[in-house]
2 protein chains.
Amino acid sequence: MTELEQYIKSYFGVVDNDDLQNIVSLFKLTTIKKGDFLLKTGNRCEKLSFVQSGLLRMFVITEDKEVTQWISTKGYFTTDLSSLVFETPSRWTIQALVDSNLYTITKDDYKKIGSLVPKWHELEKLFIVRCFTILEDRIFSHLSMTAEERYHFFFENNRELFNQVPLQFIASMLGMTPETFSRIRKKQIL
Amino acid sequence: MTELEQYIKSYFGVVDNDDLQNIVSLFKLTTIKKGDFLLKTGNRCEKLSFVQSGLLRMFVITEDKEVTQWISTKGYFTTDLSSLVFETPSRWTIQALVDSNLYTITKDDYKKIGSLVPKWHELEKLFIVRCFTILEDRIFSHLSMTAEERYHFFFENNRELFNQVPLQFIASMLGMTPETFSRIRKKQIL
DNA sequence: TCTTGCTCTTGACAAAAATCAAGAAATTAC
DNA sequence: GTAATTTCTTGATTTTTGTCAAGAGCAAGA
């Protein structure tokens with residue numbers, strides 16, 4: 001079983017083998033070089049990608065700063081879901097932080113899955129509910145935790161990321177400045 | 001066309017009439033009295049409700065405070081989606097802030113819709129993507145805005161709510177204390 | 001009507017986090 | 001290997017937000 005097949009199974013649950021093959025066949029292994037853009041704010045999002053290896057950052061530049069919304073690591077998907085599904089202009093820019101390999105499906109093929117695999121919409125729905133829940137938890141963290149608590153929580157669950165990406169991006173993703181992040185970090189080490 | 005039919009149409013898009021009837025028939029009009037609980041943290045969520053009239057607050061009590069995650073007004077749905085779908089213990093408590101009327105579907109019936117209306121999973125997926133997008137925007141607001149900016153943004157889009165519910169709940173939902181909320185408010189009036 | 005609770009506001013103060021500025025450390029590019 | 005960039009840290013200071021405590025305003029109920 002390929003890595004993609006395993007992902008699909010673990011994200012979308014049990015799928016029979018024909019369906020799995022149908023799904024997998026629509027994803028193509030693509031590469032993206034460090035610094036290149038998978039998507040830019042304002043454009044239509046034309047694809048959905050699972051990260052096979054590498055790192056991608058989803059962010060947006062506002063008048064006065066750059067805001068990192070999420071960093072996708074191995075096993076995560078990356079896309080502007082709303083733009084992909086509703087064909088609206090993308091809110092996010094997605095850029096590769098390092099050379100990365102992605103399993104990518106085009107919008108056209110994405111729209112076809114439903115007819116090839118009847119169960120797809122249901123599986124995908126469950127997958128999106130899981131993502132929805134993660135976002136709910138993230139909102140909760142902003143309603144109930146201090147910057148320091150958010151730092152700890154994230155650190156415990158994503159240690160590896162801390163020596164793979166510029167820390168300022170993690171700081172932004174957690175809703176604090178690089179300075180505050182650095183000071184919290186210092187406390188930890190002492 | 002009943003109000004519920006209109007909701008379904010506006011949330012889930014165009015549905016043919018048979019499907020619409022099938023869906024609508026599974027929702028029952030229920031009432032809930034001010035102060036009563038639709039769901040309590042730790043319990044299984046056994047239903048999904050659309051608010052026909054009234055107000056419901058989704059919150060959780062932590063060691064040191066009570067956190068309001070969302071207030072559902074007319075037209076919104078209310079449930080612990082994750083608990084409903086995955087049958088995990090509910091994270092949220094949902095309580096009626098005033099006597100409310102709800103269109104409610106039980107978990108059993110909810111699970112049946114897919115077989116009665118094949119297109120259901122796809123429609124529901126689109127609906128959840130819209131909710132997902134709203135949560136993304138909310139996270140963005142915490143990454144990029146001050147308490148005052150969040151206040152303005154929310155106020156502009158939800159003026160009515162400000163004289164219908166205790167302001168402390170809105171404060172919590174926006175991630176600030178009642179005191180900060182009150183001070184921002186004062187500034188606005190002057 | 002008069003309590004009794006809530007809820008909201010206000011002030012004084014404390015804590016948390018942001019900003020600004022400078023310099024160190026690490027990476028990348030030549 | 002060295003210079004040039006970028007990233008990270010640190011200190012000083014300001015701003016924002018939270019905490020605590022008291023009181024005002026309202027509303028529901030006896």
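Note that these values count all heavy atoms, side chains included, but never hydrogens, waters or copies made by symmetry. Below, chain A is the first sequence line, B the second, and so on; all start at residue 1.
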Asks: Determine the minimum heavy-atom distance between B:V129 and A:S82, stating which atoms define it.
Replies: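 Minimum heavy-atom contact is CG1-CA, 4.3 Å.
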Asks: Looking just at side-chain N and O atoms, do A:S49 and A:T78 make a donor-acceptor pair shorter than 3.5 Å?
Replies: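 Absent: no donor and acceptor within the cut-off.
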Asks: Does a side chain donor of either A:N43 or A:S90 reach within less than 3.5 Å of an acceptor in the other side chain?
Replies: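 Per modelled atom types, A:N43 and A:S90 side chains form no pair under 3.5 Å.
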Asks: Using the side-chain contact (heavy atoms from CB on, under 4.5 Å) rule, pick out the option among A:L97, A:L161, A:L56 that qualifies with A:T73.
Replies: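 In the set A:L97, A:L161, A:L56, the residue that makes a side-chain contact (heavy atoms from CB on, under 4.5 Å) with A:T73 is A:L161.
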Asks: Does a sphere of radius 6.0 Å around CZ in A:F153 hold more than 12 heavy atoms from other residues, nucleotides or ligands, not counting ones at 6.0 Å or beyond?
Replies: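 For A:F153, atom CZ is not crowded (no more than 12 foreign heavy atoms under 6.0 Å).
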Asks: Using a 4.0 Å heavy-atom cut-off, write out nucleotides 17-30 of chain C from 5' to 3' as B (base contacted by protein), S (sugar-phosphate only) or - (no contact).
Replies: SSBBB------S--
Asks: At how many degrees, to 10°, do the end axes of the helix from C:dT1-D:dA30 to C:dC30-D:dG1 meet when each uses five pairs?
Replies: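 About 50°, once rounded to a multiple of 10°.
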Asks: Near DNA chain D, which residues from residues 163-170 of chain A have a heavy atom under 4.0 Å away?
Replies: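 Of all residues in residues 163-170 of chain A, the ones placing a heavy atom under 4.0 Å from DNA chain D are A:P166, A:L167, A:Q168.
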Asks: List for me each residue that meets ring pair (Phe, Tyr, Trp, His ring centres under 6.0 Å) alongside A:F127, sequence neighbours excluded, and say none if there are none.
Replies: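 Listed in chain order: A:Y11, A:F12, A:F77.
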Asks: Just the rounded figure in Å: distance from C1' of D:dT16 to CD of B:E149.
Replies: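 In whole Å, D:dT16 C1' and B:E149 CD are 12 Å from each other.
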Asks: According to the salt bridge (charged side-chain N to carboxylate O under 4.0 Å, His left out) rule, which pairs have a member within residues 169-182 of chain B, sequence neighbours left out?
Replies: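 Every candidate salt bridge (charged side-chain N to carboxylate O under 4.0 Å, His left out) pair involving residues 169-182 of chain B fails, so no pair, neighbours aside, qualifies.
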Asks: Tell me, with the steps shown, if A:R57 and A:T68 meet side chain to side chain donor-acceptor pair (under 3.5 Å).
Replies: CA-CA 7 Å; A:R57 180 170 72 108; A:T68 296; 2.8 Å; yes
Asks: Would you tabulate the side-chain donor-acceptor contacts of residues 29-40 of chain B under 3.5 Å, counting partners in other chains and residues two or more places apart, or write 'none'?
Replies:
from	atom 1	to	atom 2	distance (Å)
B:T30	OG1	B:L102	O	3.4
B:T30	OG1	B:T104	OG1	2.9

Asks: Distance check needed: D:dT15 P versus B:K187 NZ, whole Å only.
Replies: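 The answer, rounded to whole Å, is 12 Å.
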Asks: In terms of the angle between their ring planes, are A:F154 and A:F162 parallel, tilted or perpendicular, with boundaries placed at 30° and 60°?
Replies: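 Tilted.
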